[in-house]
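Below, chain A is the first sequence line, B the second, and so on; all start at residue 1.
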There are 2 protein chains.
Amino acid sequence: MTLDNRKKNVLQAIVDDYVATCEPVGSKSLIDRHDFMVSSATLRNDMAELERLGYLEQPHTSAGRIPSDKGYREYVNSLMKVDCLSDEEGQEIKEKLGRSFDEIASLLKAAASTLADQTGYISLAMTPKLASSYLTQLKMLMIEPGKVLVVVVLSAGVVKNRMVRIPDFLTQEQIAQISNAVEQGLSGMPLSEISLITVATAAKDNQKVELPDSLLNQVLYEAYTAIKQADNLDVYMDGKHRMLALPEFSDTRRAQELFNTLSHDGLVAGYVDEVTKEDEKKQYMIRIGQEITLEGLNDCSFITTTYTVNGKVAGNIGVIGPKRMEYSKVISQINFVRMLIDQQLSDS
Amino acid sequence: MTLDNRKKNVLQAIVDDYVATCEPVGSKSLIDRHDFMVSSATLRNDMAELERLGYLEQPHTSAGRIPSDKGYREYVNSLMKVDCLSDEEGQEIKEKLGRSFDEIASLLKAAASTLADQTGYISLAMTPKLASSYLTQLKMLMIEPGKVLVVVVLSAGVVKNRMVRIPDFLTQEQIAQISNAVEQGLSGMPLSEISLITVATAAKDNQKVELPDSLLNQVLYEAYTAIKQADNLDVYMDGKHRMLALPEFSDTRRAQELFNTLSHDGLVAGYVDEVTKEDEKKQYMIRIGQEITLEGLNDCSFITTTYTVNGKVAGNIGVIGPKRMEYSKVISQINFVRMLIDQQLSDS
DNA sequence: GTTTAGCACTCTACCTTTCTGAGTGCTAAA
DNA sequence: TTTAGCACTCAGAAAGGTAGAGTGCTAAAC
């Protein structure tokens with residue numbers, strides 16, 4: 001069953017109005033605000049029909065209608081007008097993200113902050129993920145006897161370091177030789193293929209130092225965990241505090257549930273990953289209300305997109321806001337930010 | 001004017017009750033809950049007197065009393081019973097912080113998380129600050145032509161890295177020579193004394209490579225900014241979302257103000273620094289309500305203490321909670337965590 | 001068949017009023 | 001100095017009343 005034209009317009013108008021005011025929309029105010037060439041009674045009939053079909057909900061009998069999840073979904077899929085970023089907005093974003101960032105971490109942090117500022121909602125930016133990364137460099141720097149800094153550089157430009165302990169008596173030279181050997185053996189290898197065994201093989205094939213196996217293995221183990229840890233997703237989230245200003249979160253309990261979930265970076269990152277896989281071919285992923293399978297986010301909508309490093313699928317950025325979100329605006333903002341990230345990460 | 005003994009007991013009892021219930025305390029319930037050997041009428045007189053002296057406040061005529069900032073202050077300074085951590089609590093904390101951490105960042109992150117879990121309030125942990133740090137190492141690793149990772153190691157065990165761009169044609173050897181020269185010249189020097197000039201002097205005194213001055217200066221400038229940036233305080237904050245569960249923040253506006261301020265790490269860090277200087281000699285710093293000169297935190301209390309690295313004053317950890325805080329419990333928790341941090345940072 | 005005017009109906013939000021009870025301060029006696 | 005007793009105050013809950021935004025339905029008009 002497909003909606004006739006007027007019903008589509010009615011649904012669209014109701015979503016638009018509700019997004020703007022956060023108040024249930026009645027037939028009268030709908031007439032006032034839009035140029036329907038029919039009477040309020042006609043709209044009432046349409047609205048009743050839309051409700052029967054599940055696109056609208058009524059908080060109580062004598063109130064107006066608000067969009068249901070299904071209503072928002074229809075709106076997002078086929079009703080909303082995709083609007084372009086205004087020049088000023090584009091300019092503002094460019095001012096914050098235009099300059100060249102030397103590290104992916106600071107780029108993503110800035111992206112999250114910009115996105116939060118511009119949308120007024122919660123933003124997040126995640127480092128590139130495992131699947132698309134391979135090891136490019138591995139360095140081990142002796143900081144003091146027994147303490148070594150392992151620096152791991154991944155293809156996507158991610159740099160991670162980790163301090164590890166090794167036996168006191170190993171020298172900088174020995175350590176350097178080991179790390180060179182491992183680097184030679186593994187550089188270019190996708191992270192997913194790196195295991196304790198491949199690390200060991202790489203080291204033993206290439207190294208010239210004589211070290212007892214047990215000692216060598218100890219060092220290799222540390223190198224291995226450092227590499228593995230480097231593919232941990234980092235999540236940069238910003239703008240949380242803004243949600244408290246929204247009327248839908250004036251009830252502290254809701255805000256509490258939301259913040260509770262958001263305080264677990266890992267949960268959110270995992271969810272984004274899942275969603276990205278489901279909608280693989282799409283340019284952006286949208287999840288609305290109950291569609292979100294993360295506890296505490298059922299009053300929210302979640303929009304994510306994927307940025308690329310040198311043209312390859314890499315990490316995600318996204319926005320979490322109320323269901324009553326300015327979808328098309330947020331989408332264009334997110335797209336613009338993604339574009340700037342892509343640019344920065346390809347011209348390197 | 002000093003309070004007589006019974007008045008002290010009354011004040012103490014009122015604070016204790018109010019902390020427990022968050023409800024104004026009346027003379028009747030005070031009698032019920034404590035063994036004062038006098039009648040409620042007597043207590044009423046005492047309470048009226050305490051109010052006249054500014055230790056108590058009355059939300060309205062027919063309500064009980066709640067402690068004023070001055071009342072809390074008196075309580076903290078001389079009334080509360082300092083209680084020890086229960087064995088289980090100590091055990092729980094040890095479980096989370098007992099294992100050895102290789103990096104100061106992960107230690108502090110874990111400390112913040114533990115403190116938030118244990119207290120139920122907001123915790124924070126800050127990296128060691130400038131004054132107590134000197135440079136121990138400086139390494140520059142060529143990641144790819146034109147891109148160099150500068151690794152800065154400070155005395156307190158802080159490791160920071162920063163990616164910088166340099167002219168494409170410089171080789172790893174040239175870069176290594178420069179960084180070795182700078183490291184030799186500066187290692188052991190307090191951060192506060194390092195300037196662009198000292199960096200340049202160090203490089204020119206020690207290096208043997210021939211490079212045009214303009215090129216060399218470009219590299220040195222990047223090294224210098226990397227060093228300077230390394231003394232930026234990192235702030236780890238945890239447990240924010242818990243505040244929403246407290247009755248004093250069921251009004252979203254207050255929570256919003258609080259979160260707004262807390263979203264600026266720098267502000268908080270700056271304030272902690274200020275407070276630490278004021279109370280230099282004290283083991284811990286306490287600020288209550290209006291005593292806190294940070295907008296949005298006037299309904300809170302703030303307890304901080306200083307951990308040491310090898311016996312020297314270093315960074316801060318702290319807890320932000322409602323004024324109605326379990327002061328003595330929080331103090332002992334904070335102290336315990338500080339002790340564990342001190343241990344970890346001295347036996348290295 | 002679709003649209004519309006008209007009307008009775010519903011229900012929340014808001015205001016006012018009343019009532020209750022916890023808590024007070026004061027007075028006068030112990 | 002302490003206490004019993006009492007009149008007083010005031011927030012908050014409960015109850016009642018009103019306004020108005022919005023509805024659904026019916027019957028007439030297009």
Requested in this report: Write down the distance between CZ (A/Phe36) and C1' (C/dT4), rounded to a whole number of angstrom.
Outcome: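 To the nearest whole Å, that distance equals 17 Å.
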I'd like to know if [X] pairs up with [Y] as an ion pair, taking the criterion as any Lys NZ or Arg NE/NH1/NH2 lying under 4.0 Å from an Asp or Glu carboxylate oxygen.
| X | Y | value |
| --- | --- | --- |
| B/Arg33 | B/Asp17 | yes |
| B/Lys329 | B/Asp83 | no |
| A/Lys323 | A/Asp69 | yes |
| B/Asp279 | B/Arg287 | yes |
| A/Arg65 | A/Glu51 | yes |

Query raised in the report: Starting at the 5' end of DNA chain D, which residue's closest nucleotide do you reach first, B/Val38 or B/His60?
Result: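 Taking each residue's closest nucleotide, the earlier one in sequence belongs to B/Val38.
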**Report entry** Pairwise 5' ranking along DNA chain D for B/Pro59 and B/Met37, keeping only the more 5' one
**Finding:**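 Its nucleotide being nearer the 5' end, the pick is B/Met37.
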For residues 261-270 of chain B, which side-chain N or O atoms pair as donor and acceptor with protein atoms under 3.5 Å away, sequence neighbours left out?
unit_1   : atom_1 : unit_2   : atom_2 : d
B/Thr261 : OG1    : B/Glu257 : O      : 3.2
B/Thr261 : OG1    : B/Glu295 : O      : 2.6
B/Ser263 : OG     : B/Asn260 : O      : 2.7

Report task. For B/Val76, enumerate each residue passing the side chain to side chain contact (heavy atoms under 4.5 Å, CB included) test, keeping only those at least two apart in sequence or located in another chain. Result ->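 Once residues adjacent in sequence are excluded, the partners of B/Val76 under the side chain to side chain contact (heavy atoms under 4.5 Å, CB included) criterion are B/Arg73, B/Met80, B/Ile286, B/Ile288, B/Tyr327.
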Query raised in the report: If you walk 5' to 3' along DNA chain D, what is the first nucleotide with an atom under 4.0 Å of a heavy atom in chain A, and what is the last?
Result: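 Under 4.0 Å from chain A, the extent on DNA chain D is D/dA21 to D/dG24.
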Query - Pairs flagged by side-chain hydrogen bond (donor to acceptor under 3.5 Å, both in side chains) wherever residues 113-124 of chain B is involved - sequence neighbours left out - result: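 Checked against side-chain hydrogen bond (donor to acceptor under 3.5 Å, both in side chains) - neighbours excluded - the pairs reaching residues 113-124 of chain B are B/Glu92-B/Gln118, B/Lys96-B/Asp117, B/Asp117-B/Arg242.
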Query raised in the report: Has A/Ser39 got a side-chain N or O lying under 4.0 Å from the OP1 or OP2 atom of C/dT3?
Result: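 Indeed not, no polar side-chain atom of A/Ser39 lies that close.
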Are there any protein N/O atoms within less than 3.5 Å of an N/O atom in nucleotides 18-23 of chain C, and if so, which ones and at what distance?
unit_1 : atom_1 : unit_2  : atom_2 : d
C/dG23 : O4'    : B/Ser62 : O      : 3.4

Query raised in the report: Where does DNA chain C form stems of at least three consecutive Watson-Crick or G-U wobble pairs, each pair having both distances below 3.5 Å?
Result: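 As far as DNA chain C goes, consecutive pairing (with distances under 3.5 Å) yields the stems C:1-30 with D:1-30.
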Query raised in the report: Quick one: do the A/Asn9 and A/Arg6 side chains pair a donor with an acceptor below 3.5 Å?
Result: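 Absent: no donor and acceptor within the cut-off.
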Query raised in the report: Does a side chain donor of either A/Tyr75 or A/Asp16 reach within less than 3.5 Å of an acceptor in the other side chain?
Result: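 Yes, a side-chain donor-acceptor pair sits under 3.5 Å.
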